[in-house]
Amino acid sequence: MNPFVQSMKRLSPAKLASIAGIAIFMVGFLVYFIARYSSTDMAILYNDLEAADSREIIKQLDGKQIPYKLTNNGATIMVASKDVDKTRVQMAENALPSSGAGVGYEIFDKSDALGATNFSQNINLVRALEGELSKTIKTIENVKNARVHLVLPKREMFTREEQIPTASVIIKTKGGLELSKKEVLSIQYIVAAAVPKMNVKNVSVIDTTGKLLTPDYENENELEIANQEEARIKYEKKLENNIESLLEKTVGPGKVRAEVSVEMDFDKVVTNSESYDPDQQVVRSTSTVEETSLSNEKDGSSVTVSQNLPNESQTPDGAGTNSQSSRTEETVNYEISKTVTNKVRSSGIVKRLSVAVMVDGIYDNTEDGTTNYRNRNEQEMELLAALVRSAIGYDANRGDQVEVVNMKFMNFDDAFEEEKPILLGFTKSEVMRMAEGMGVALVAILVILLVIRPLISKAFEGTGRADEASPKQLYYNQDGTPRLTGPYTGGDELEEMELDELIDIAKVEGRVKASSLRKIGEIVNNHPEEALNIIRNWLYQD
């Protein structure tokens, strides 16, 4: 250790700092490598947890002595990958994570029915219903968390008016996504179907940013108008898709654009009509009356008793005339066919259609690789217009308009000119990116070779050369006179004496003679390697 300590003492503070920095880096890298590959492989147990859920889960993990790791400010809990499934099952036994959904009907499992009052039971019922609805809403794909508030008014005694229940739902979506109208409507129906006498429009859905997701309509008329407008737009999109899908099979995909404007009548119409058909007669009743009368007139004017007796035979006492008459009357009643029609129309009808269709032309490839554009002929355009009229149910009586126009489509790929290769099939931008990467790599290599490598080399070469030069700098002969490095091979004693005088700094006292300089030059010429070691030793000293 002595030579190592001596060599370290000879180094400058900058070199010592460089060596210390390199040593610290190597030790840190070794510690990281050992910690990285010797630690337990951790996996995510739960992610994006609420603070309350994280607290409960950590309490359970501490009680079961399961090692864990918290990240993302406690929102993510990680355990050993081999224990993930087992730990999740254990957490599920305690209904964790609950994500703030509250308790459901399990609240009645731990309550004492004998000691509970009617008020507390009603409160627990509302809490249970809110918790169950929250859990159900959370099963929707884009919903991360939900909270439900129910207002269930109790009917007062001796009153005929009944208050309608209402509800409000606060939604937190995954990744800040926005729920679609269908998803919001489904949430409204879930709540309205679970609460008695609740209407869908009385359920308000709000997100965590305070935005009202349900339509804010003051009355039913506004809601009806919004539904009518939505129905009109949906019908227009349907016709546009029908036109494009039909024509694309002929002209090619992406070469047709259709726009449809529909004028619809949403007025509610109630029609009552009665119609009679005189050609269809049915005999309803028949009545027939027949009458017959007989009369006998005499010339005498006397009247006897016998003539007025009922059963006495009438014997003509004198001349007279006899008359007889009959009458028949028939009445026939006929029923005429009658039709009564009641019509109620609530859905919209199409009053007028305006359709604009744009069709791309034909592109011909030439032998030289270019593409020529030409318009379609009038006969083909008329056939396409006939297809459009048939697809939309064209009616000239109601004023429908159909325009099919042939125009060249804009090719967005041609809007940006494609770069031509300039070197070995590479474009100018690709060559610039490669040059930029090579420049960065070259700078990194130069930094390593010209900065880092010389610092390390000087730090270690200086120590090694100093150690080598120190023991080999001077040797002594048998008579005690000094000599240069190397074994003693004899020689001129005068030269050794002069050398002794030359290296005696006390005698020279700063005065350098010409003969001394000449002798130093001769020594350097005769022993170049030893002289070089001495000069290097002087340079590396402080």
Side-chain angles (χ1 to χ4, degrees), residues 179-189 192-193 198-203 205 212-251 253-280 336-359 380-407:
L179 296 179
S180 62
K181 292 184 178 179
K182 292 183 179 180
E183 291 174 332
V184 174
L185 186 61
S186 64
I187 294 174
Q188 288 182 285
Y189 273 100
M198 179 175 287
N199 198 340
V200 176
K201 65 180 182 180
N202 293 328
V203 180
V205 182
L212 182 63
L213 302 181
T214 51
D216 185 15
Y217 300 119
E218 296 181 357
N219 49 46
E220 294 183 357
N221 292 333
E222 294 183 359
L223 178 60
E224 185 177 358
I225 293 173
N227 293 334
Q228 292 173 358
E229 183 68 15
E230 185 177 356
R232 186 186 66 82
I233 295 174
K234 185 177 180 181
Y235 186 71
E236 290 178 349
K237 294 297 182 182
K238 178 183 177 181
L239 293 181
E240 292 173 1
N241 293 333
N242 291 341
I243 294 171
E244 292 180 358
S245 61
L246 178 63
L247 298 187
E248 280 183 350
K249 297 179 180 179
T250 301
V251 301
K255 293 187 177 183
V256 180
R257 291 293 181 271
E259 290 291 335
V260 179
S261 177
V262 181
E263 183 180 351
M264 302 185 71
D265 183 9
F266 291 97
D267 295 338
K268 292 184 179 180
V269 178
V270 180
T271 304
N272 298 325
S273 63
E274 293 184 7
S275 61
Y276 297 91
D277 189 359
D279 296 332
Q280 296 182 0
I336 300 175
S337 177
K338 181 180 69 173
T339 303
V340 180
T341 305
N342 295 326
K343 293 182 179 180
V344 178
R345 178 177 60 82
S346 58
S347 60
I349 60 173
V350 178
K351 295 179 60 178
R352 187 169 177 270
L353 286 176
S354 299
V355 181
V357 181
M358 187 169 61
V359 182
E380 185 177 1
M381 294 301 297
E382 184 60 31
L383 291 176
L384 295 177
L387 290 175
V388 173
R389 287 192 289 266
S390 300
I392 65 174
Y394 177 80
D395 188 359
N397 295 327
R398 65 187 180 190
D400 293 349
Q401 291 184 354
V402 175
E403 295 291 339
V404 181
V405 182
N406 181 202
M407 297 183 67

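Nothing here was measured: the structure is a model prediction, and the numbers come from that model. Side chains are part of it too, since the values below use all heavy atoms of this structure and drop only hydrogens, waters and symmetry mates. We number each residue from 1, following the sequence as shown.
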Note to self: Any side-chain to backbone donor/acceptor pair from Asn342 onto Asn272? Under 3.5 Å, distance only.
What the structure shows: no
Note to self: Looking at Arg232 and Glu236, is there a salt bridge between them, counting it only when a charged N and a carboxylate O are closer than 4.0 Å?
What the structure shows: yes
Check: Hey, are the side chains of Val251 and Leu384 touching, using non-hydrogen atoms and a 4.5 Å cut-off?
Finding: yes
Item checked: Heavy-atom closest pair, residues Ala258 and Val357 -> CB-CG2, 4.3 Å
Next item on the list: Might you point out which heavy atoms bring Arg389 and Val402 nearest each other, and give the distance in Å?
Entry: CG-CG2, 3.9 Å
Item checked: From CD (Glu403) to CE (Met358), nearest 0.5 Å -> 14.0 Å
Notebook entry, point to check: For the atom pair OG1 (Thr214) and CG (Leu179), what is the distance rounded to the nearest 0.5 Å?
Noted result: 11.5 Å
Check: Looking at side-chain heavy atoms only, is the closest gap between Asn242 and Ile392 below 4.5 Å?
Finding: no
Next item on the list: With the side chain counted from C-beta on, respond yes when Val350 and Asp395 share a heavy-atom pair under 4.5 Å apart, and no when they do not.
Entry: no
Check: Quick one: are Lys255 and Leu247 in side-chain contact, heavy atoms under 4.5 Å?
Finding: no
Note to self: Can you confirm whether Leu353 sits close enough to Tyr394 that some side-chain heavy atom of one is under 4.5 Å from a side-chain heavy atom of the other?
What the structure shows: no
Check: Could you give the distance from CD (Glu240) to CD1 (Ile243), rounded to the nearest 0.5 Å?
Finding: 7.5 Å
Checklist line | Distance (rounded to the nearest 0.5 Å) between Leu387 CG and Glu382 CD | finding: 10.5 Å
Notebook entry, point to check: Hey, is CD on Gln228 packed in by over 12 heavy atoms from elsewhere, all under 6.0 Å?
Noted result: yes
Next item on the list: Answer yes when Lys237 and Glu230 have at least one side-chain N-carboxylate O distance shorter than 4.0 Å, and no when they do not.
Entry: no
Checklist line | Within-4.5 Å side-chain heavy-atom neighbours: Thr271 and Thr341 | finding: no
Checklist line | Closest contact, heavy atoms only, Gly393 versus Asp400 | finding: O-OD2, 4.1 Å
Margin query: With heavy-atom distances below 4.5 Å as the criterion, would you say the side chains of Gln401 and Arg352 are in contact?
Written below: yes
Checklist line | Minimum side-chain heavy-atom gap Leu239-Val355 below 4.5 Å | finding: no
Item checked: Separation between CZ of Phe266 and CD of Glu229, rounded to the nearest 0.5 Å -> 8.0 Å
Notebook entry, point to check: For Val405 and Met381, which heavy atoms make the closest approach, and how far apart are they?
Noted result: C-CE, 3.8 Å
